[in-house]
Amino acid sequence: MSEGRIKLEPSWKDRIGGYLERPDMLALADFLRAEKHAGKVIYPPGAEIFAAFEHTPFNAVRVVILGQDPYHGPDQAHGLCFSVRPGVPTPPSLQNIYKEIKRDLGLAVPDHGCLTPWADRGVLLLNAVLTVERSLAASHQGKGWEGFTDAAIDALNREREGLVFLLWGSYAQRKGQLIDSSRHCILRSVHPSPLSAHRGFIGCGHFSAANHYLESHGQTPIDWSLPPRNQLA
């Protein structure tokens with residue numbers, strides 16, 4: 001996959017940049033170009049496909065949240081799982097994440113759905129699949145992204161210690177097979193979607209548990225609060 005104007009953050013490029021040159025990734029690049037040439041709208045925009053890596057360099061990662069694929073509505077996806085651009089209505093799954101943070105930590109529910117501050121504080125917000133066609137959920141699954149994001153998780157698992165992985169739902173939990181639980185903390189729950197959140201996500205306590213683990217391993221806890229929309233950069 002030619003990086004061209006899409007650049008992978010240097011610390012990640014050192015570890016997984018070579019994966020982009022594999023035949024399956026070159027085929028993925030051809031697929032994406034053909035889709036765009038055919039007039040299909042792909043989310044997120046090309047410059048934001050690798051935003052999760054850009055905002056959270058390899059050695060800055062403290063917590064990993066795994067999503068499935070980007071939001072497929074207009075102006076929603078910007079390269080961070082569960083996050084939407086400021087001004088876009090907060091999606092239902094993220095509303096439930098906010099409810100659990102309020103219940104768990106007593107933090108106010110933000111007036112927006114932009115999680116960029118989390119990413120800048122060490123929370124890798126990584127979707128398993130990094131692109132999607134407009135209005136077609138899961139349309140780019142099985143095209144090659146899964147192996148690339150597996151490589152990212154594998155690198156974290158092998159080279160880092162004491163990370164917290166939040167695995168919500170069966171899809172994310174399958175990715176969890178790549179993680180050594182003797183080196184890292186793995187917290188599992190049902191997905192925060194409205195279909196399942198009240199079967200265990202609300203009440204899971206993952207945000208306080210993540211911080212307790214980090215502190216017990218000599219690391220700084222995550223500040224899970226978010227500034228109001230009018231203070232976002």
Side-chain angles (χ1 to χ4, degrees), residues 1 5-6 28-29 31-56 64-102 109-120 123-146 148-149 152 166-172 174-175 189-199 201-202 224 226-233:
M1 177 178 283
R5 62 189 177 84
I6 303 174
L28 171 61
F31 164 77
L32 293 173
R33 279 191 290 269
E35 292 289 277
K36 291 179 181 179
H37 185 73
K40 295 181 179 179
V41 177
I42 306 299
Y43 298 135
E48 293 178 322
I49 289 174
F50 295 134
F53 303 107
E54 187 66 33
H55 283 279
T56 318
V64 180
I65 298 178
L66 291 176
Q68 193 158 344
D69 64 344
Y71 294 121
H72 54 83
D75 301 320
Q76 289 183 303
H78 64 129
L80 307 177
C81 74
F82 291 106
S83 180
V84 292
R85 300 175 191 281
V88 175
T90 303
S93 291
L94 184 53
Q95 291 178 27
N96 285 327
I97 291 170
Y98 286 167
K99 287 178 185 176
E100 175 56 16
I101 290 176
K102 182 179 181 180
V109 173
D111 61 352
H112 60 86
C114 181
L115 304 182
T116 301
W118 287 3
D120 292 336
V123 182
L124 181 66
L125 297 168
L126 183 64
N127 278 312
V129 176
L130 299 186
T131 57
V132 70
E133 182 181 342
R134 180 175 61 186
S135 302
L136 286 175
S139 49
H140 289 182
Q141 286 186 16
K143 301 295 185 182
W145 282 126
E146 292 91 343
F148 176 72
T149 53
L166 304 184
L167 307 182
W168 300 333
S170 59
Y171 192 94
R174 286 195 294 274
K175 283 269 194 189
S189 172
V190 298
H191 196 275
S193 79
L195 297 174
S196 57
H198 293 280
R199 299 202 305 267
F201 181 80
I202 303 298
W224 293 105
L226 290 166
R229 179 185 164 191
N230 63 9
Q231 292 182 17
L232 291 172

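No hydrogens, no waters, no symmetry mates; every other heavy atom, side chains included, goes into these values.
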Colleague: Are side-chain heavy atoms of L115 and I97 found at a separation under 4.5 Å?
Modeller: no
Colleague: With sequence neighbours left out, what residues match H72 under ring-ring contact (aromatic ring centres under 6.0 Å, His included)?
Modeller: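 Partners of H72 by the ring-ring contact (aromatic ring centres under 6.0 Å, His included) criterion come out as none, since no residue qualifies.
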Colleague: Hey, could you give me each pair passing salt bridge (Lys or Arg N to Asp or Glu O under 4.0 Å) that has a residue in residues 87-96? Not counting sequence neighbours.
Modeller: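 For residues 87-96, and leaving out neighbouring residues, there are no salt bridge (Lys or Arg N to Asp or Glu O under 4.0 Å) pairs at all.
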Colleague: Could you work out, with salt bridge (Lys or Arg N to Asp or Glu O under 4.0 Å) as the rule, every residue matching K175, not counting sequence neighbours?
Modeller: D150
Colleague: With sequence neighbours left out, what residues match F201 under ring-ring contact (aromatic ring centres under 6.0 Å, His included)?
Modeller: W168
Colleague: Using the side chain to side chain donor-acceptor pair (under 3.5 Å) rule, collect all pairs that involve residues 111-120, keeping only residues at least two apart or in two chains.
Modeller: H55-D120
Colleague: Name all pairs fulfilling the side chain to side chain donor-acceptor pair (under 3.5 Å) condition that reach into residues 125-142, sequence neighbours left out, sorted by first residue then second.
Modeller: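 Every pair satisfying side chain to side chain donor-acceptor pair (under 3.5 Å) with a residue in residues 125-142: T131-H140, T131-W145.
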Colleague: Which residues satisfy the salt bridge (Lys or Arg N to Asp or Glu O under 4.0 Å) test with E100, sequence neighbours excluded?
Modeller: R103
Colleague: Within this structure, what is the CG-CZ distance for the pair L80 and F53, rounded to the nearest 0.5 Å?
Modeller: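 Here the interatomic distance stands at 11.0 Å.
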Colleague: Check whether any side-chain heavy atom of P227 sits under 4.5 Å from a side-chain heavy atom of L232, and report yes or no.
Modeller: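 Contact flag for P227/L232 side chains = yes.
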Colleague: I'd like to know if the side chain of T149 and the backbone of E146 have a donor-acceptor N/O pair within less than 3.5 Å.
Modeller: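 Yes, the answer is positive, given that a donor and an acceptor are paired below the 3.5 Å cut-off.
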Colleague: The criterion is side chain to side chain contact (heavy atoms under 4.5 Å, CB included); which residues satisfy it with R174, sequence neighbours excluded?
Modeller: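 Side chain to side chain contact (heavy atoms under 4.5 Å, CB included) check on R174 returns S170, Y171.
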Colleague: Tell me which pairs pass side chain to side chain donor-acceptor pair (under 3.5 Å) where either residue lies in residues 87-97, with sequence neighbours left out.
Modeller: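 Listed once each, the pairs would be none.
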Colleague: Could you grab the distance from atom CZ of R33 to atom CG of L28, nearest 0.5 Å is fine?
Modeller: 9.5 Å
Colleague: Considering non-hydrogen atoms only, spot the tightest contact between L66 and F82 and give its length.
Modeller: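 Closest heavy-atom pair between L66 and F82: O-CE1, 4.1 Å.
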Colleague: Do you know which two heavy atoms are closest between C81 and G67, and how far apart they sit?
Modeller: SG-N, 3.8 Å
Colleague: How would you list, by chain and number, every residue that makes a side chain to side chain donor-acceptor pair (under 3.5 Å) with K40, sequence neighbours excluded?
Modeller: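 Checked K40 against side chain to side chain donor-acceptor pair (under 3.5 Å); matches are E35.
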Colleague: Could you work out, with salt bridge (Lys or Arg N to Asp or Glu O under 4.0 Å) as the rule, every residue matching E54, not counting sequence neighbours?
Modeller: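 Residues passing salt bridge (Lys or Arg N to Asp or Glu O under 4.0 Å) with E54: none at all.
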Colleague: Taking the side chain as C-beta and beyond, is there a heavy-atom pair between R229 and P110 under 4.5 Å?
Modeller: no
Colleague: Is there a side-chain contact between P74 and Y43, using heavy atoms and a 4.5 Å cut-off?
Modeller: yes
Colleague: Would you list the pairs meeting salt bridge (Lys or Arg N to Asp or Glu O under 4.0 Å) in which at least one residue belongs to residues 74-86, sequence neighbours left out?
Modeller: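 Of all non-adjacent pairs touching residues 74-86, those that pass salt bridge (Lys or Arg N to Asp or Glu O under 4.0 Å) are E48-R85.
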Colleague: Considering all heavy atoms of both residues, which atom of A138 and which atom of D69 are nearest to each other, and what is their separation?
Modeller: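 Closest approach of A138 to D69: N-OD2, 2.7 Å.
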Colleague: Would you name the heavy atoms of P44 and L130 that are closest together and state the gap between them?
Modeller: CD-O, 3.3 Å
Colleague: Let me confirm one number: the OG1-CG distance from T56 to L126, rounded to the nearest 0.5 Å.
Modeller: 9.5 Å
